[in-house]
Structure formats: structure tokens, C-alpha cells
Undergrad: 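Take a look at this one; I'll ask things after.
These numbers come from the heavy atoms of this one structure, side chains and all, not from hydrogens, waters or symmetry mates. Since we're looking at a predicted model, the values are computed, not measured. Proteins get letters first, then strands, A, B, ... in listed order; numbering begins at 1 in each.
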Protein chains: 2
Amino acid sequence: MIVDNDTTIVNNDGVDRKNWSEPSSLSDRAFDYIRKSIFDGRFGPGDKINELDISNKLAISRGPVREAIRRMSSSGLLVFEPNSGARVVALSADKVEQLYDVREALEARAAALAAVRMTDAERTALSRTLEAHSQQMTEDNSNSYPRGGSDWDFHLMILKGARNDVIWRICGDELKDMFYLLRSQHGSSPGRGRKALEEHRWVAEAIVAGNADLASLLMAQHIRASRDNLLAAMRASALDAKSSISR
Amino acid sequence: MIVDNDTTIVNNDGVDRKNWSEPSSLSDRAFDYIRKSIFDGRFGPGDKINELDISNKLAISRGPVREAIRRMSSSGLLVFEPNSGARVVALSADKVEQLYDVREALEARAAALAAVRMTDAERTALSRTLEAHSQQMTEDNSNSYPRGGSDWDFHLMILKGARNDVIWRICGDELKDMFYLLRSQHGSSPGRGRKALEEHRWVAEAIVAGNADLASLLMAQHIRASRDNLLAAMRASALDAKSSISR
DNA sequence: AAATTTCAGATTGTCAACAATAATTGAAAT
DNA sequence: ATTTCAATTATTGTTGACAATCTGAAATTT
């Protein structure tokens with residue numbers, strides 16, 4: 001899958017860019033570009049990341065691109081093989097289960113910490129966010145969670161409230177990207193949105209009440225439910241693929 | 001702190017990696033060199049990592065060194081600042097607590113998984129390892145855990161038995177390095193070794209018996225105890241430093 | 001026809017030089 | 001002695017060229 005959609009990043013218009021949000025180094029720019037390309041679907045799972053293509057595209061040399069690739073490989077979005085290159089990670093059902101296991105353990109802990117550490121302002125903001133999600137769903141007359149990462153908004157607020165940089169780096173940065181990639185490939189089953197919102201509410205209630213153990217438990221349950229849903233969707237799409245054309 | 005001790009590269013992994021996996025690329029060699037230098041104490045916490053020095057030392061160019069530095073920054077051992085360079089991470093008590101929180105959540109989960117997934121051979125190996133540790137301590141007539149990462153041997157066996165690559169990467173690779181660095185700075189309190197061994201035994205028993213919930217609980221307790229011990233040691237050495245000479 | 005070898009093109013790995021930025025020095029002024 | 005500020009040095013950021021390795025297709029052998 002290599003779609004050459006040439007929208008973003010115009011650096012050849014001869015104008016010195018200043019207002020364009022500033023990835024300070026070229027390596028950062030390459031990092032952002034690759035990341036965005038993956039989420040846009042221009043690079044699909046298993047696709048090879050060609051250093052030369054990217055450096056040409058961005059009109060920079062291969063050095064910064066290589067650094068970006070090495071970094072992204074460490075974070076898991078790319079899989080690096082010596083003398084061969086990097087590919088976009090292709091997540092098997094097994095690997096997805098492993099990722100969910102980590103999320104469950106870590107976000108449950110984060111929920112417990114958030115229940116203790118969140119400020120009052122953060123707690124009310126959490127409740128309000130869920131209210132907004134609810135309203136959005138009613139307005140859209142939809143049973144799926146509002147588009148644009150609203151689901152993650154909730155999780156990120158809790159992650160942030162936990163005041164743990166390590167958990168944040170793992171869940172809020174790396175795993176978030178992985179799951180974002182996953183969601184772009186497999187939708188969620190109809191009705192899951194309503195259910196998820198309900199679970200979110202329970203978790204939020206426990207956190208607002210300062211009940212750490214309950215928050216932890218409910219978050220674990222919520223993520224387990226989310227996992228079951230996504231794995232079902234994965235298996236379904238796997239069957240689809242198989243029924244269309246055998247290879 | 002820069003001591004120039006030129007030891008050769010030795011595989012220092014506790015467990016069964018490839019016996020002489022030589023660093024295929026120069027970048028890997030640089031990575032290993034920096035890592036080893038940190039553990040040897042040649043680079044101390046907060047020390048600047050100079051690209052030129054390292055590339056000279058290894059007689060390679062700066063490109064591979066830069067890649068290694070970027071990678072190591074992603075994994076947490078180095079802290080990278082644009083246009084300034086990378087430094088060895090200096091772990092505050094707060095950060096250490098955060099690291100332990102992650103370890104507790106993840107290794108507790110790993111213990112639960114290991115209790116279900118370990119083969120019989122692995123279970124007996126686990127017990128036997130603890131026997132060896134016990135015997136070693138009696139022989140040495142010491143109350144501290146045998147040197148050379150024996151403590152981690154136990155944890156790594158469980159991590160491996162959990163059959164979760166993501167947990168392994170986080171705990172068995174990244175966090176292990178962080179804690180190894182910590183241990184080299186602050187010892188453990190006298191008597192902790194015996195206690196730790198006892199806790200290890202309880203965890204192992206639960207795992208061998210296939211009792212996932214109990215294994216999880218005991219592992220969490222064990223890590224919590226380990227955290228308390230290390231934090232106490234950190235505070236003690238912090239007081240030492242303060243009482244000696246103000247700088 | 002199937003398997004193997006050869007070889008050219010493509011891609012990654014490495015290097016040394018140059019550019020841009022940060023850190024340091026030291027003289028002048030206060 | 002201290003501060004300011006410009007000049008100098010040290011270090012990081014980037015580049016284009018070259019070397020090593022992989023890939024795939026044509027040519028050769030079986």
C-alpha cells in the first residue's frame with residue numbers, strides 16, 4: 001500500500017517558513033512526517049520505510065531521517081531490521097492482546113493514582129468531558145464514540161492526572177500511537193460506543209469520589225471489554241479478507 | 001565523572017541470550033559502549049555524552065554514535081536536549097517512585113501470566129534458581145543478594161514466562177537498565193537480601209502452584225517492599241552528601 | 001522446467017567536511 | 001571584585017559522497 005497523496009508540507013515554494021509549527025530539528029520533522037503518513041494510511045502495516053524517498057520528499061538528507069527511524073523503531077511503530085530497513089509494524093491478534101494486557105495493568109494503576117492525585121478542577125473537567133461526549137453522541141444520533149480521538153481524550157485525562165511520567169510515556173505516547181493505528185484499520189462493533197461511554201462514566205465517578213481501588217477495578221474492566229471488542233473486529237476482518245480472495 | 005577504563009565488550013545479560021551476539025552495526029557497538037560505560041560508572045548521572053569523544057574512542061564516525069544516542073534517549077537511560085546534547089539520566093526520588101509504580105503494575109501482571117503459562121520445566125527452573133541463590137548466600141555468609149544481577153535473574157525468568165513481548169521490552173530491557181543503574185549508586189540495606197529471598201520464594205510457590213491471583217499479589221508486595229528499601233537508601237545517601245560538604 | 005549463479009540496480013551503512021548553535025574565554029567598563 | 005559583551009572555541013546539526021549489503025531478474029547449468 002503506497003498512496004502518493006501530495007498534500008502536506010510545501011517547502012519548495014521559495015518562502016522562508018516561520019509560522020508553520022516548529023519541529024525544531026529536521027529529525028523531528030522527519031519523525032512527524034512518518035508518523036503522520038502512517039496515520040493517514042499512506043504507509044500501511046508491513047510497508048517498507050524508504051529513507052531516500054522520505055529525505056527527497058522533505059528535501060533533507062538521509063541523516064536526520066535515519067535518526068527519526070531509529071527513534072520510532074524504539075517506540076514500536078516501526079520494526080527495524082539491520083541491513084534491510086524499517087517497516088510499519090503489523091500487529092497480529094496475539095500482539096494486540098499483549099498490548100491490551102499492558103494497557104490494562106498500567107491504566108488501572110493510573111486510574112487509582114488519579115483518584116488520589118487529581119485536583120478538583122481536573123475531576124470536574126473529567127466529568128464535563130464525558131457530558132460533552134454524551135451530548136455529541138445524541139446529536140449525531142450515533143452509537144459510536146465521537147470521531148477524532150474523543151475516546152482517548154478520556155484516557156489521556158486520567159493518565160495525566162496520575163502524575164506519573166513513566167506511565168505517561170508508555171501509555172500516553174507509545175501505546176496511544178499503536179492503538180490509534182489499530183483503530184484506523186478495524187472499526188468497533190455497533191453499540192460499543194454507548195457501552196464504552198457508560199463504562200467511562202463509572203470510572204469517572206469512582207475517580208471523582210476518590211475511590212482508588214474501585215477506579216482501578218472499573219478501568220481494568222473497561223479496557224478488558226474494549227479488548228474483547230477489538231479482537232472480535234480483528235477476527236471478523238480477517239475472515240473477510242480470507243473469504244474474498246485466497247492467496 | 002569520566003574514568004577511562006578500557007574493558008572489552010562482554011555479554012552481561014543474566015539470562016540465555018545468544019552467547020556471543022556481536023554488535024552487527026557500528027551503531028550497535030556505540031550503543032553497547034555507552035551502556036556499558038554507564039554501568040561501569042565511567043559516565044555518572046548527569047554527565048554529558050560527547051559524540052566526538054565516543055566516536056574517537058571507538059574509531060568510528062559520529063553518525064552511528066548519534067543514532068545510538070537517539071535510541072538510548074528513547075529508552076530512558078539518556079536525556080536528550082536539542083542543540084545541547086544528551087546526558088545520563090539523573091533519577092530523582094520522585095522518578096524512582098514512578099518507575100517502581102510501573103514495575104509493580106507490570107510485574108504483578110507478569111507473575112499472574114507466568115503462573116498460567118510457564119512450562120513445567122520453567123517452573124522447576126525457577127525453584128532451582130532460588131535454591132541456588134539461597135545456597136550462595138549461605139556460602140558467602142552474607143545477608144545481601146548474590147552479586148551479578150542474581151536478583152534480576154529471578155524477575156527475568158518470570159518476565160519471560162509471561163510470554164508477553166511488550167512487558168518484556170518495558171521491564172526486561174528498559175526498566176532493568178534503569179534499576180541496574182540505580183543499584184550501582186545506592187546499595188540496599190543490610191538484611192534486605194534475606195527478606196527478598198523469602199519474598200521470592202513465596203512468589204515462586206504461587207507461580208509453581210498456578211495460582212495467578214496470589215502470584216500477582218505477592219509480586220506486587222515484593223516490589224513495594226523493594227521500593228521502600230531503595231527509597232530509604234536514596235534518602236540516606238542524600239543526607240550523607242548533604243552532611244559532607246555543601247557545594 | 002527447476003534450480004543455481006551472476007550481476008546490475010536499489011537500499012542501507014558509514015564517513016569526513018561544512019554549517020549552525022551553544023558554551024567559554026577574556027578584556028573593558030563599572 | 002563583578003558584570004557585560006564580543007570574540008573564540010567546542011559541540012551539535014546537516015549534508016553529499018562513497019562503501020557494503022541486499023534484492024530481484026536475467027543467464028546459466030542441471
Side-chain angles (χ1 to χ4, degrees), chain A residues 1-2 4 9 11-12 14 16-18 20-34 37-38 42-44 46-74 77-90 247, chain B residues 1-2 4 9 21-34 37-38 42-44 46-74 77-90:
Chain A
M1 179 202 301
I2 291 181
D4 217 42
I9 306 193
N11 60 352
N12 54 357
D16 205 35
R17 95 259 301 286
K18 237 178 184 179
W20 180 251
S21 70
E22 58 292 22
S24 48
S25 69
L26 298 190
S27 172
D28 286 342
R29 217 187 299 174
F31 191 95
D32 289 349
Y33 173 76
I34 298 172
S37 297
I38 291 175
R42 280 179 291 199
F43 295 149
D47 278 0
K48 198 131 175 297
I49 302 296
N50 188 313
E51 296 174 2
L52 203 55
D53 286 352
I54 292 170
S55 58
N56 284 338
K57 196 85 175 174
L58 299 179
I60 63 180
S61 75
R62 278 175 50 223
V65 175
R66 280 180 66 84
E67 285 177 14
I69 288 175
R70 292 309 276 254
R71 262 192 296 156
M72 204 172 300
S73 300
S74 297
L77 257 191
L78 299 182
V79 176
F80 184 86
E81 189 162 9
N83 287 322
S84 169
R87 297 175 173 281
V88 178
V89 66
R247 44 160 173 165
Chain B
M1 180 199 303
I2 292 181
D4 221 33
I9 297 170
S21 66
E22 49 186 283
S24 46
S25 69
L26 297 190
S27 172
D28 286 341
R29 216 185 301 173
F31 190 95
D32 289 350
Y33 173 76
I34 298 172
S37 297
I38 292 174
R42 282 179 292 198
F43 296 149
D47 278 359
K48 199 127 177 297
I49 301 297
N50 188 312
E51 297 175 1
L52 203 55
D53 286 351
I54 292 170
S55 58
N56 285 338
K57 192 83 183 171
L58 300 180
I60 63 179
S61 76
R62 279 175 50 223
V65 175
R66 279 181 67 84
E67 284 177 15
I69 288 176
R70 292 309 276 256
R71 260 192 297 156
M72 204 172 299
S73 300
S74 298
L77 258 190
L78 300 183
V79 176
F80 184 86
E81 188 163 9
N83 286 323
S84 169
R87 296 175 174 280
V88 179
V89 66

Undergrad: What is the distance from CD of A:Glu67 to C1' of D:dT14, rounded to the nearest Å?
TA: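 Spelled out: CD on A:Glu67 to C1' on D:dT14 is 9 Å.
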Undergrad: Please produce a list of atom pairs where a protein N or O lies less than 3.5 Å from an N or O of nucleotides 9-11 of chain D.
TA:
{"unit_1": "D:dT11", "atom_1": "OP1", "unit_2": "B:Asn50", "atom_2": "ND2", "d": "3.3"}

Undergrad: Looking at every non-hydrogen atom in both residues, tell me the closest pair between B:Leu58 and B:Ala30 and how far apart they are.
TA: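 The pair with the smallest heavy-atom distance is CD1-CA, 3.6 Å.
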Undergrad: Where is the tightest heavy-atom contact between B:Lys48 and B:Gly85, given as atom of each residue plus distance?
TA: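 Closest approach of B:Lys48 to B:Gly85: CE-CA, 4.5 Å.
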Undergrad: CZ of A:Arg87 to CD1 of A:Ile69: how many Å apart, nearest 0.5 Å?
TA: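 Nearest 0.5 Å value for the CZ-CD1 distance: 12.5 Å.
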Undergrad: Please identify which of these residues, B:Leu78, B:Ile34, B:Val79, B:Leu77, meets the side chain to side chain contact (heavy atoms under 4.5 Å, CB included) condition with B:Val88.
TA: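 Option passing the side chain to side chain contact (heavy atoms under 4.5 Å, CB included) with B:Val88: B:Leu78.
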Undergrad: Would you mind reading off the distance between B:Arg70 atom CZ and D:dT12 atom P, rounded to a whole angstrom?
TA: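 After rounding, the gap between these two atoms is 12 Å.
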Undergrad: Side-chain contact, heavy-atom cut-off 4.5 Å: A:Arg70 with B:Glu67?
TA: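 SC-SC contact between A:Arg70 and B:Glu67 confirmed.
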Undergrad: Do A:Ser74 and B:Met72 make a side-chain contact, defined as non-hydrogen atoms from C-beta onward lying under 4.5 Å apart?
TA: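 Answer no - side chains too far apart.
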Undergrad: Heavy atoms of chain A, cut-off under 4.0 Å: which first and last nucleotide of DNA chain C, 5' to 3', fall inside that, if you could look?
TA: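 Span of nucleotides near chain A: C:dT11 to C:dT14.
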Undergrad: To the nearest 0.5 Å, what is the distance between CZ (B:Phe43) and CD1 (B:Ile49)?
TA: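 Reported to 0.5 Å precision, the distance equals 4.5 Å.
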Undergrad: Which pair of heavy atoms, one from A:Ala68 and one from A:Phe31, lies closest together, and at what distance?
TA: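 Closest approach of A:Ala68 to A:Phe31: CB-N, 3.6 Å.
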Undergrad: Specify the separation, in whole Å, of atom CG of B:Leu26 and atom P of D:dA19.
TA: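 After rounding, the gap between these two atoms is 16 Å.
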Undergrad: Please tell me which of A:Asn83 and A:Ser27 maps to the more 5' nucleotide of DNA chain D, matching each residue to the nucleotide holding its nearest heavy atom.
TA: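 Its nucleotide being nearer the 5' end, the pick is A:Ser27.
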Undergrad: Find the distance between CD1 (A:Ile60) and CZ (A:Arg29) and round it off to the nearest 0.5 Å.
TA: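 A:Ile60 CD1 to A:Arg29 CZ: 7.0 Å, rounded to 0.5 Å.
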Undergrad: What distance do B:Lys57 atom NZ and B:Tyr33 atom OH have between them, rounded to the nearest 0.5 Å?
TA: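 Going from the NZ atom of B:Lys57 to the OH atom of B:Tyr33 covers 5.0 Å.
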Undergrad: Show each protein N/O and nucleotides 16-18 of chain D N/O combination with a separation under 3.5 Å, one pair to a line.
TA:
none

